[in-house]
Amino acid sequence: MKTIADRYNPQEVETKVYQDWEKAGYFKAEDQSKKPPFSIILPPPNVTGFLHLGHALDHTIQDLLIRWKRMSGFNAMWLPGTDHAGIATQTVVEKELKKQKILRHDLGREKFVDEIWKWKNEYGNRIYNQMRRLGDSCDWNRATFTLDEGVSAAVKKVFVSLYKKDSIYRGLRLVNWSGPLETAISDLEVDHVVTKGFMYHINYPVDGTGELLTVATTRPETMLGDTAIAVNPEDDRYKHLIGKTATVPLINRKIKIIADTYVDKEFGSGVVKITPAHDFNDYKIGKTHKLEFINILTRKCEMNENAGVYQGLKVVDARKKVLEDLKALGFFVKEEPHTMSIGHCSRSGAVVEPFLSEQWFMKMEDLATPAKRVVESGTIRFEPESWTKVYLHWMNHIEDWCISRQLWWGHRIPAWQCEACEKFTVAETTPTVCEHCNSTKLKQDEDVLDTWFSSALWPFSTMGWPNESPHSVETQKTFYPTNYLVTGHDIIFFWVARMIMMGQEFKKDVPFRTVYIHGLVRDSQGRKMSKSLGNSIDPIEMIDKHGADALRFSFLAHLFSGKDFKFSEQRVEGYRNFMNKVWNASRFVLSNLQDFKVPVEGVKALPARAHLSVFDHWIIAKLAEVEKQVHDALENERFSDAATALYQFVWNQFCDWYIEFTKPIMNSAAAEEKQTTQLVMAQVLNRMIRLLHPFCPFITEEIYTNLPIKGQACIIDQYPTVLNDKDFLAFASKDAELEVDMVKEVITAIRNIRGENRISPAVKLNIRLGVTQDDVQKILSHNKSAIMNIARLENMEIGADGDMNKCAVAPIAIGESRMKVIIPLEGLVDFNEEIKRIQKTIEKLEKDVGLLHGKLSNEKFVQNADPDVIANDRILLQQSKEQMVSLKDALTRFQ
RNA sequence: AGGGAGUUAGCUCAGUUGGUAGAGCGCCACCCUUACAAGGUGGACGUCGCAGGUUCGAAUCCUGUACUCCCUACCA
C-alpha cells in the first residue's frame, strides 16, 4: 500500500492524472453503443482566445454533467471546438501585423488570410491546453473548427437552401457600421456608452414665409444628408408649415416639411431634421414618407462627395467645421449639455455609424415560428425557467438578420455576381455560368458571413451533417439532439435562438433538450471583469495557485440558478482547504488500512452485520442520505445543493465524527471489530471519492489509485446511487442514527460547557450523566469509551443526578430520551461564567415556553393546525419546562 | 419606454407544499488533542427592503411602494 503526501499538492498530480486519462482513452465516446447516449456540444471559444473565468465556469458545469453521466453508465460525448470569430481574430492579426508596419490592404486578401491561418495554427491549441488544465473531459478526437471543410460544406448547403426558398435576400439597408474595420457589425458587437455631449439648436429658413424653424440635434454634421424636416401633426406651432419646404443651411438643399407622430412635441424644439441614411429612426420615417436617402459617408466613415466642401473630413472634424460655419452664417442658435448613449464598436472602440449599404439578410419570421413552438411546448426547456419568457419575447419581436460582413476572415458568401446582368448565382460549388444570362463573367461576392451563421449550425455541422458517410450518419443518429446546452444569458438571442431555428429547419428536430443558462462571472464586488478596471482574473493562475479542483468546486458550490457569479479568490482558497481535508481524511483512512486484507469481492465486499459498530451503521446511513441528496440535486440541475451536500458529508459527518469515533477502535479494539471497521471505512471512502469525482476529478482520481478497494479508474467507475449501492446501504440503521445522535449531543454539551467556561482541553474532566431511563443508560454505557475519548474525560459516571452542588448542568432531550450532563466545577473555574451560561439558557427556554404556551392555548391554533405540528409543540413545551426547572435548580446550587 | 430578476447575518448566498430563520467566508475567545494550523472547539451577529392584507400562524401567499441590477429599444 502506498502512502500519500501529508499535504495535497495539486501541481504534482494534475498533469499526470490528465495524461493518464487521455492515454487510456476514457474521454472517447462510441458512435454506436449499447449504452444510452448523453451528449453536449461545447460552445466554441474563439480560436485565438484565452480561457477566461466565464469559460471556466461554463466548462466546469458541462464537465460535471459529462463525468456524472459517464460514471452513470451513459455513452457520454462532449464535443469540443473552436470558433474562427471573424472580427475578433481578424482584428488581432491585423494589430500584430501593424506592429511590423504591414497593413491588411497592402498584403491583399489571400496573403492576409494566410497570415491568419498561420496565427491560428500557432495559437489554436492554446485554449485546448488550458481546457485540459481545468480537467475538461472532452472527446478530443471530435474537436472541430468552424472553418473546417465539413462545417464549411454545411454552411454552403444552408445558405443555398435558404436562398432558394427566398429566406435569404440581398437588400440596401441601414446597418451598424464600424469605420476602422470597414464592415457591418451585429448589435452584439455594439457597446452602448453613456456620454456627455451637446444638443445643438440650428435654424432652417422656411421657404417663402421668412420664418425660421429651429431644429435640435446632437449630430449637426448629418444635416448635410437631411432630406426632410418633421413636426408633429398635432403641433399648433408648426401646423401651418406642413407641406412647405425649407432650406438646409450650408448646402442650400430644399427639403419638405412633413408631419409624423414620431415627433415628440415636448422634446427639444419639437422639430426634427430627418437624415434617413444616417439614423435608424430617420430611416423608418424616410421609408414611410418615401424620402431621398443621401449617404454622406465613405466606408471609412469620412465625409464623401455628397458633403461638398466637407469631403474628406472625419466625422468629428466635420462636426466642428459645420458648427463654425453655422455660427459664421448666423444659423446657429445655441448649444445645451446633453447626455446620451452612443454605440461603440466593441472591437475597434470607434463610434458606430448607421450606414446605408448593400447587405445579405435572412428572413426570420418563418424560421421563428417552429422555434417558438418547441419552447412553448416544452420540447426545449430553459433552466432557469424565467428565460423562456425572455426568449419568446424576443422571438415575437424578431427582425431580419444581417448576415454579411465586409471582412476577409470567415465563410465567404457562396454567391457570384454576373458582370453582364448583375444578378447573383448562388451555389454550393463555384458556378461557371450565370444562371440568369449564361454569361461566364462571374465574380464571387467579397463578403463573408457573420460568425454566428456557422455557429447556428454547430450542433449538427460538428456531427458531420450534411455528409452521408457511415460515421457521420451514426454520430448524428446517436447524439443528435444533444442533452444540454450550457451557456451564459448574453448569447441567448445571438446563438441559442438561431441554433433552435436551424435545427428545426434542417434536422427537423431540436438541437438540445435543456438549455442551462448560468450567470456571468463578475468580480467580488459585482463589477464586470475588464482589462481597464484591472479586475480580471486568469483561471490558469487560480489553477496554478490553488488547483483546478478548488476552482471547480468554488464554482459549483456557489452556482445559484442563473444569477451572476461573484468570483472571489478567497472562496477558492476555502475549497482548496476542503481539498486538503479530503486528502487528509483519505490519508488517515489509508494509514489505518496498512494491515487490511483486501477482500476478493472488492467493492462488492460487505461487512458481517454482527460486528458492525454503531458508528459504522450510522455513517452508512449518512452515506445513503448523501447519495440520495446528490442524485436528486444533479437530476434537477441544483449543482450547488449537490456540492454542498457532499461538502457537509465529508467534513461534518465523515471527518468530524466518523474518523473520531473510529480512532479508539483502530487503536485498541478486538481484531475482529477492527477488521469490520476497516472494511466499512474502506468502502465508505471509496464511495465518497466516487461521489466527489465529477466535482473535483483530479484529487479524487489520485486518491482512488491508492485505495485498497477500487475499480479500473475513478473516472469510469460507477457513480453510487441508493439503487446501485443498495446492498451496502442496507447496513444503514435508524437505531444507530438515534444512538449516535445521543452520543454526539452529550459530547457537544460537554464541549459547550468547556468552551464557555474556558476550561482548557488539556484538563481531563470528571463528569456525571444523570439518566433514569434504562435504555438510555444502556446506550450511554455502551458508548462510554467513545464519549470519554472525544470529550477528553478522566471519569464518567452514569446514573442518578446525585449532588449537583456547584456543577455545570446541561439537559439533553432527544425524542423520548432525557439526560443531564453534570460537571462539577469546584476548583476548576470561577463560577460566574457558568452562572451566566445557565442564565442565558434559562432566558432562551423561558422565551420558548412563553411562545409555545401561547400557541397551544390558542383555541384556533389547536383547531386548525396540523396534528403533527401540535403534537410536536406539546413535546417541545414539556421538554422546555422540564429543562427550565432543572436549570433553575442547578443555579441555586451556586449560592 | 418595454421586458426580466432581485432586496434574508459584516460579505456571498440557501431557505422545495405557510409551523419558533440556515451555510460558507469574515469576526471574537481558547487550543500545535497522534489525518489535516490549508486544522480543532466554543462564541457573537438578522424587525427576512417598507406598508397594508389573507391566516390561529407569513421570509414564504396577495396588493401596493421604494431601491438595485440585467436585457431590449433608445428622444432628435
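Residue numbers begin at 1 in each chain, while the letters A, B, ... track the order of the sequences.
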Indicate, with yes or no, if the rings of W387(A) and Y391(A) have centres closer together than 6.0 Å.
no

D656(A) has an atom CG; how far is it from atom C1' of C36(B), in whole Å?
11 Å

Quick one: list whatever passes ring pair (Phe, Tyr, Trp, His ring centres under 6.0 Å) with F861(A), sequence neighbours left out.
none

Taking the C1' atom of each, how far is U20(B) from A35(B), in whole Å?
39 Å

Side chain to side chain donor-acceptor pair (under 3.5 Å) contacts in which one or both residues fall within residues 217-226 of chain A, not counting sequence neighbours
Y204(A)-D226(A), R219(A)-E221(A), R219(A)-E353(A), E221(A)-R319(A), T222(A)-K273(A), D226(A)-K273(A), D226(A)-T275(A)

So I659(A), base contact, sugar-phosphate only, or nothing? Heavy-atom distance under 4.0 Å.
base

Measuring from the side chain of D641(A) (C-beta onward, heavy atoms only), which nucleotide among G2(B), A14(B), C56(B) has the closest atom?
A14(B)

Which of these nucleotides, G19(B), G15(B), A35(B), is closest to any side-chain atom of R638(A)?
G15(B)

Can you tell me how far P of C71(B) sits from CG of L520(A), to the nearest Å?
8 Å

Answer with base, sugar-phosphate or nothing: what part of the nucleic acid does K840(A) contact at a heavy-atom distance below 4.0 Å?
sugar-phosphate

My understanding is that only residues two or more places apart in sequence, or in another chain, count here; which of them pass ring pair (Phe, Tyr, Trp, His ring centres under 6.0 Å) with W401(A)?
none

Would the Y8(A) and W583(A) ring centres measure less than 6.0 Å apart?
yes

Near-strand residues of residues 213-227 of chain A, defined as heavy-atom separation under 4.0 angstrom from RNA chain B:
A216(A), T217(A), T218(A)

Sequence-distant partners of K334(A), side chain to side chain donor-acceptor pair (under 3.5 Å), two or more places apart
E336(A)

With the side chain defined as heavy atoms from C-beta on, V869(A) is closest, among G19(B), C75(B), G2(B), to G19(B)

With a 4.0 Å cutoff (strictly under), does any side-chain N or O of K663(A) reach OP1 or OP2 of A35(B)?
yes

OP1 or OP2 of U34(B) sitting under 4.0 Å from any side-chain N/O of N667(A)?
no

On RNA chain B, check which nucleotide each of D873(A) and G755(A) is closest to and give me the residue with the more 5' one.
D873(A)

Between OH of Y262(A) and P of A1(B) the distance, given in whole Å, is 17 Å

Whether R754(A) contacts U41(B) is assessed here as follows: a side-chain N or O lying under 4.0 Å from the phosphate OP1 or OP2. Is that the case?
no

With the threshold set at 4.0 Å, does a side-chain nitrogen-carboxylate oxygen contact exist between E843(A) and K840(A)?
no

Name the nucleic acid region contacted by M199(A), choosing base, sugar-phosphate or nothing; use a 4.0 angstrom heavy-atom cut-off, strictly under.
sugar-phosphate

What pairs with N636(A) under side chain to side chain donor-acceptor pair (under 3.5 Å), at least two apart in sequence or on another chain?
none

When you compare A59(B) with U8(B), how far apart are their C1' atoms, in angstrom units rounded to a whole number?
7 Å

Given the side-chain rings of F639(A) and Y516(A), with only the six-membered ring counted for Trp, is the space between their centroids under 6.0 Å?
yes

Within the 4.0 Å heavy-atom criterion, would you say N752(A) contacts the bases, only the backbone, or no part of the nucleic acid?
sugar-phosphate

Nearest-angstrom distance, C1' atom, C45(B) to A9(B)
6 Å

Taking atom NZ as the centre, does K628(A) end up with more than 12 heavy-atom neighbours from other residues, nucleotides or ligands that are less than 6.0 angstrom away?
no

Neighbour count >12 (heavy atoms, 6.0 Å) for atom CD, E660(A)
yes

Return the polar atom pairs (N/O with N/O) between nucleotides 24-32 of chain B and the protein under 3.5 Å, or none.
| residue | atom | partner | partner atom | Å |
| --- | --- | --- | --- | --- |
| A29(B) | O2' | R758(A) | NE | 3.1 |

For the pair made of CG in L851(A) and C1' in C56(B), what is the distance, rounded to whole Å?
13 Å

Using a cut-off of less than 4.0 Å, is there contact between a side-chain N or O of K581(A) and OP1 or OP2 of A38(B)?
no

In chain order, what residues pass the ring pair (Phe, Tyr, Trp, His ring centres under 6.0 Å) check against F578(A), with sequence neighbours excluded?
F553(A), Y647(A)

Considering just the side-chain nitrogens and oxygens of N864(A), establish if one lies under 4.0 Å of OP1 or OP2 belonging to G57(B).
no

To the nearest Å, give me how far apart CD1 (I747(A)) and P (U33(B)) are.
19 Å

Could you check which of G42(B), A38(B), U20(B) has an atom nearest any side-chain atom of D848(A)?
U20(B)

Measure from the side chain of F861(A), starting at C-beta and using heavy atoms only, and say which of C36(B), G42(B), C56(B) lies closest.
C56(B)

Whether K836(A) and E833(A) form a salt bridge (side-chain N of Lys/Arg under 4.0 Å from carboxylate O of Asp/Glu) is what I want to check.
yes

Note on RNA chain B: ranges paired as stems (three or more Watson-Crick/G-U pairs in a row, both atom distances under 3.5 Å) are B:1-7 with B:66-72, B:10-13 with B:22-25, B:27-31 with B:39-43, B:49-53 with B:61-65

Please list, chain by chain and in numerical order, all residues satisfying side chain to side chain donor-acceptor pair (under 3.5 Å) with D641(A), sequence neighbours excluded.
R638(A)

P spacing across the pair G46(B) / C62(B), given as an integer number of angstrom:
29 Å

In whole Å, what is the span from the CD atom of E335(A) to the P atom of A76(B)?
16 Å

Checking E385(A) now: which residues fulfil side chain to side chain donor-acceptor pair (under 3.5 Å) with it, not counting sequence neighbours?
none

Show the distances under 3.5 angstrom between N or O atoms of the protein and N or O atoms of nucleotides 4-8 of chain B.
none

